[in-house]
Amino acid sequence: KGKGDLDLSRGFGDGINWMTLKSTAEAEEKKPFFILIHKTWCGACQNLKESLRDSIKFKELSELFHMINLEDEEEPEDDGYAPDGKYIPRLLFLDNSGHLNEDLINENGNPKYKYFYSNADQVFCLPVILSMEKAIEKFYEDDEDDLNGFGDGEENLDYGEYTDENLLDELSKTNETENVENVSHDEF
């Protein structure tokens with residue numbers, strides 16, 4: 001990177017085509033949007049970063065999205081980017097027209113903070129992966145051609161010591177002990 005170039009990954013994963021909001025407006029390819037809103041000082045955001053940075057599955061699925069990583073003062077003022085509050089980190093999925101899909105939430109998370117994804121547990125990236133997969137199913141349901149050849153061999157990817165059979169069980173145990181104090185949010 002040259003002097004002054006911005007590292008758009010911000011530690012969330014190299015090899016991903018991270019974009020700015022402005023650059024997505026100029027993008028020719030029609031894809032849904034993955035928007036991550038976080039702060040450098042936020043512990044929950046750091047947990048999320050640790051979980052996603054080396055995830056092969058996350059990197060693979062990112063190819064089907066315009067990946068937007070908004071840090072600190074880059075957070076948009078528009079309330080559309082904070083549908084249920086300005087807590088962080090927030091992860092939003094928008095269709096290729098830029099409309100928020102309110103059904104794509106952390107289904108195993110706290111219902112008060114639907115777009116909050118954070119947990120220091122090593123299976124944390126699973127909720128993000130599950131939401132990305134659900135978004136792909138929803139946004140690409142009529143575009144089978146866009147998915148041809150994508151994900152060949154993905155069944156061989158694993159999530160560490162967990163198997164597909166017990167991932168959701170482990171995740172639900174983790175969320176049973178999670179409380180609202182684990183949520184970082186702006187109090188303005």
Side-chain angles (χ1 to χ4, degrees), residues 1-55 57-106 109-110 112-120 124-136 138-139 180-188:
K1 294 198 174 287
K3 187 176 180 179
D5 285 351
L6 181 63
D7 175 15
L8 295 178
S9 79
R10 282 126 181 177
F12 280 92
D14 294 331
I16 293 173
N17 185 23
W18 292 106
M19 305 175 82
T20 63
L21 279 174
K22 183 178 179 181
S23 66
T24 59
E26 300 164 359
E28 293 180 21
E29 192 172 8
K30 287 281 192 185
K31 291 183 182 179
F33 298 86
F34 172 106
I35 299 180
L36 171 62
I37 301 171
H38 62 98
K39 307 289 183 187
T40 52
W41 50 261
C42 165
C45 301
Q46 295 304 315
N47 290 338
L48 177 60
K49 185 182 294 188
E50 294 291 322
S51 298
L52 296 178
R53 129 180 23 202
D54 298 320
S55 172
K57 187 72 169 178
F58 176 65
K59 183 177 177 181
E60 179 184 287
L61 295 176
S62 74
E63 295 173 17
L64 293 172
F65 295 91
H66 288 301
M67 300 291 288
I68 303 168
N69 185 333
L70 303 174
E71 184 176 76
D72 294 334
E73 70 281 346
E74 296 170 343
E75 179 178 0
E77 295 292 325
D78 185 334
D79 287 340
Y81 294 96
D84 63 348
K86 289 204 171 237
Y87 54 85
I88 51 172
R90 282 190 316 283
L91 177 55
L92 307 171
F93 293 94
L94 286 67
D95 66 20
N96 63 13
S97 300
H99 297 99
L100 175 68
N101 187 301
E102 294 182 18
D103 295 335
L104 296 170
I105 61 172
N106 183 353
N110 186 323
K112 291 182 181 179
Y113 308 102
K114 296 176 186 173
Y115 307 95
F116 178 76
Y117 291 77
S118 183
N119 186 325
F124 167 68
C125 72
L126 179 63
V128 174
I129 299 299
L130 291 174
S131 291
M132 289 176 84
E133 288 175 339
K134 186 175 179 183
I136 289 166
K138 186 168 202 70
F139 294 135
V180 174
E181 284 80 39
N182 290 337
V183 177
S184 296
H185 52 88
D186 296 332
E187 296 183 358
F188 294 109

Short side-chain donor-acceptor distance under 3.5 Å, Tyr117 and Ser131:
yes
Are any non-hydrogen side-chain atoms of Val128 and Ser51 less than 4.5 angstrom apart?
no
Identify the two heavy atoms, one from Leu64 and one from Pro32, that lie closest to each other, and give their separation to 0.1 Å.
O-CD, 3.4 Å
Quick check for you: to the nearest 0.5 Å, what is the distance between Asp14 atom CG and Asp54 atom CG?
9.0 Å
Mind checking whether Asn110 and Phe116 have side chains closer than 4.5 Å, heavy atoms only?
no
List the steps and the verdict of side chain to side chain contact (heavy atoms under 4.5 Å, CB included) for Phe33 and His66.
CA-CA 5 Å; Phe33 298 86; His66 288 301; 3.7 Å; yes
To the nearest 0.5 angstrom, please state how far the CG atom of Leu94 sits from the CD1 atom of Ile35.
4.5 Å
If we ignore angles and hydrogens, is there a donor and acceptor under 3.5 Å between the side chains of His38 and Asn69?
yes
Should Ile37 and Tyr115 count as side-chain neighbours, where that means a heavy-atom distance under 4.5 Å?
no
Which pair of heavy atoms, one from Glu133 and one from Lys57, lies closest together, and at what distance?
OE2-CE, 3.1 Å
pair Phe58-Met67: side-chain heavy atoms closer than 4.5 Å
yes
Side-chain heavy atoms of Leu48 within contact of Phe12, under 4.5 Å:
yes
If you compare all heavy atoms of Asp72 against all heavy atoms of Lys39, which two are closest, and at what distance to 0.1 Å?
O-NZ, 3.0 Å
Heavy-atom side-chain proximity of Asn101 to Asp95 below 4.5 angstrom
no
Got a sec, which residues hit salt bridge (charged side-chain N to carboxylate O under 4.0 Å, His left out) with Glu102, two or more places apart in sequence or on another chain?
none
Could you measure the distance from the CD1 atom of Ile16 to the CG atom of Leu52? Nearest 0.5 Å is fine.
8.0 Å
I'd like to know if the side chain of Gln46 reaches the main chain of Thr40, judged simply by a donor and an acceptor atom lying under 3.5 Å from each other, with no hydrogens or angles considered.
yes
So with a 6.0 Å cut-off around NZ of Lys59, is the heavy-atom count from everything else above 12?
no
Of all heavy-atom pairs between Ala44 and Ile88, which one has the smallest distance, and what is that distance?
CB-O, 4.4 Å
Please tell me if the side chains of Phe34 and Phe93 come closer than 4.5 Å, counting only heavy atoms from C-beta onward.
yes
For the residue pair Cys42 and Cys45, what are the closest heavy atoms and their distance?
SG-SG, 2.7 Å
Gap between atom NZ of Lys134 and atom CG of Asp103 - 0.5 Å precision
6.0 Å
At what distance, to the nearest 0.5 angstrom, does CG of Asp84 lie from CG of Asp79?
11.5 Å
When rounded to the nearest 0.5 angstrom, what distance separates CD1 in Ile105 from CG in Leu92?
12.0 Å
